[in-house]
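These notes concern the structure reproduced below.
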Amino acid sequence: MRLVNVQGRAGIAVGDGVVDVARRSDGRFPVDPMAALATWDALAEWAAGLRRGDAETALDDAALGPPVPRPAKVFAIGMNYRAHAQEAGLEIPHTPVVFTKFPSCLVGPRADVVLSSAYVDWEVELVVVVGRRGRGILEGAALAHVAGYCVGQDVSDRRLQFADKPPQFSMGKSLDTFGPIGPAVVSLDEVPDANDLALSCDVAGERMQDARTSDLIFGVPALIAFLASMCTLEAGDLIFTGTPSGVGSTRTPRRYLKPGEEIVSTIESLGTMRNRCVAG
Ligand code: ZN
């Protein structure tokens with residue numbers, strides 16, 4: 001199942017079309033994508049019966065909002081790819097390095113990214129969408145709490161992030177439009193192995209990041225177990241799992257986003273986001 005947000009209404013992408021969840025189900029399922037997410041198991045069962053011919057409208061990526069528009073929590077993990085930790089000159093962490101992206105930064109898969117300075121960087125990431133509430137979740141049971149995955153960009157203003165010591169990860173990564181996610185929440189049955197997916201980021205047509213999630217230091221089950229040992233996870237909570245090597249701030253010379261450039265973020269089995277940069 002691929003859950004999308006079409007102008008604030010929950011939809012299921014079927015082939016190259018979309019089925020409106022509330023209309024098609026005669027109100028059995030809600031209009032709001034957050035409320036629809038909270039019914040994940042029943043929704044998936046219902047959606048399994050949909051066929052290509054059921055789509056009412058063509059799937060227009062430009063009309064899509066963030067598939068999870070208002071999560072209670074957005075966790076993000078720093079330094080979670082071996083090659084990225086190496087390029088940043090840092091040791092491999094022993095426990096996950098966690099910060100927050102405030103939910104107000106979330107935008108859709110085709111939204112503009114508003115550049116706050118000349119030091120804004122890209123970070124393509126696998127994003128986990130929690131589907132079932134839980135606390136004290138064991139690694140072996142972690143995937144039962146996952147609704148699915150989407151592509152994410154952890155856009156980062158490095159000047160704000162590293163303005164002083166210690167660095168301010170959360171603020172530098174939470175400006176409005178700094179959290180594109182999408183294009184859909186893709187359920188686990190459509191993702192053969194989240195621990196071995198190709199992910200890439202192109203900027204202005206140049207391949208900047210090209211990696212596989214098999215390079216993750218802490219995989220999805222370990223992250224869920226770690227976070228749920230401290231916080232109750234709720235349906236809709238997001239986990240940005242960290243970015244691989246190839247960000248602009250570690251290049252020689254350093255390279256940042258410019259107005260007019262397009263960021264193309266792709267993850268195997270999940271899809272592609274295209275976000276244009278505009279001057280702040
Ligand atoms: Zn990141």
Side-chain angles (χ1 to χ4, degrees), residues 66 68 71 73-93 95-107 109 111 113 115-117 119-129 149-163 166-182 194 197-203 208-220 222-224 226-227 237-251 254-257 263-267 270 273 275 277:
V68 187
K73 300 188 275 314
V74 183
F75 300 102
I77 311 299
M79 298 303 153
N80 199 23
Y81 281 82
R82 287 178 187 86
H84 180 53
Q86 279 159 8
E87 74 176 354
L90 295 167
E91 280 181 40
I92 303 285
T95 55
V97 177
V98 184
F99 58 93
T100 295
K101 282 176 84 71
F102 297 109
S104 52
C105 76
L106 298 174
V107 289
V113 169
L115 302 179
S116 49
S117 76
Y119 302 94
V120 179
D121 207 344
W122 56 86
E123 294 192 354
V124 65
E125 307 200 4
L126 172 71
V127 175
V128 179
V129 181
Y149 303 99
C150 61
V151 184
Q153 261 292 335
D154 178 17
V155 180
S156 307
D157 184 323
R158 303 299 185 198
R159 193 173 60 176
L160 274 172
Q161 185 182 351
F162 296 109
Q168 299 208 48
F169 276 55
S170 292
M171 289 319 303
K173 292 163 168 280
S174 286
L175 279 80
D176 289 355
T177 75
F178 273 24
I181 56 169
L197 296 173
L199 73 170
S200 65
C201 176
D202 296 356
V203 177
M208 298 295 189
Q209 294 183 282
D210 192 1
R212 300 192 73 84
T213 56
S214 49
D215 191 39
L216 279 167
I217 297 167
F218 300 102
V220 173
L223 291 176
I224 288 175
F226 181 74
L227 295 169
D237 283 356
L238 302 180
I239 307 167
F240 280 66
T241 56
T243 202
S245 62
V247 299
S249 55
T250 57
R251 290 176 173 261
R254 290 179 183 168
R255 164 78 162 88
Y256 296 105
L257 295 164
I263 313 165
V264 180
S265 315
T266 300
I267 303 184
L270 304 183
M273 303 196 298
N275 301 97
C277 300

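What's counted below: heavy atoms across the whole structure, side chains too, no hydrogens, waters or symmetry copies. Counting starts at 1 for both ligands and their atoms, following the listed order.
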May I have the step-by-step check of side-chain hydrogen bond (donor to acceptor under 3.5 Å, both in side chains) for Asp157 and Ser116, ending in yes or no? CA-CA 7 Å; Asp157 184 323; Ser116 49; 2.6 Å; yes
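Neighbours of the Zn ion (ligand 1) restricted to protein N, O or S atoms under 2.8 Å: the count is 3.
Among the candidates Glu123, Gln209, His84, the single residue satisfying the side chain to side chain donor-acceptor pair (under 3.5 Å) test with Thr243 is Gln209.
Here the side chains of Gln161 and Ser249 are not in contact, with every heavy-atom distance at 4.5 Å or above. Inter-residue side-chain proximity for Trp122 and Leu257 is flagged as met; some heavy-atom pair is nearer than 4.5 Å.
In this structure, CZ in Phe102 is found 13.5 Å from NZ in Lys73, a value given to the nearest 0.5 Å.
Annotation: cation-pi pair Lys101/Phe178 absent, no NZ/CZ under 6.0 Å from the ring centroid and within 45° of its normal.
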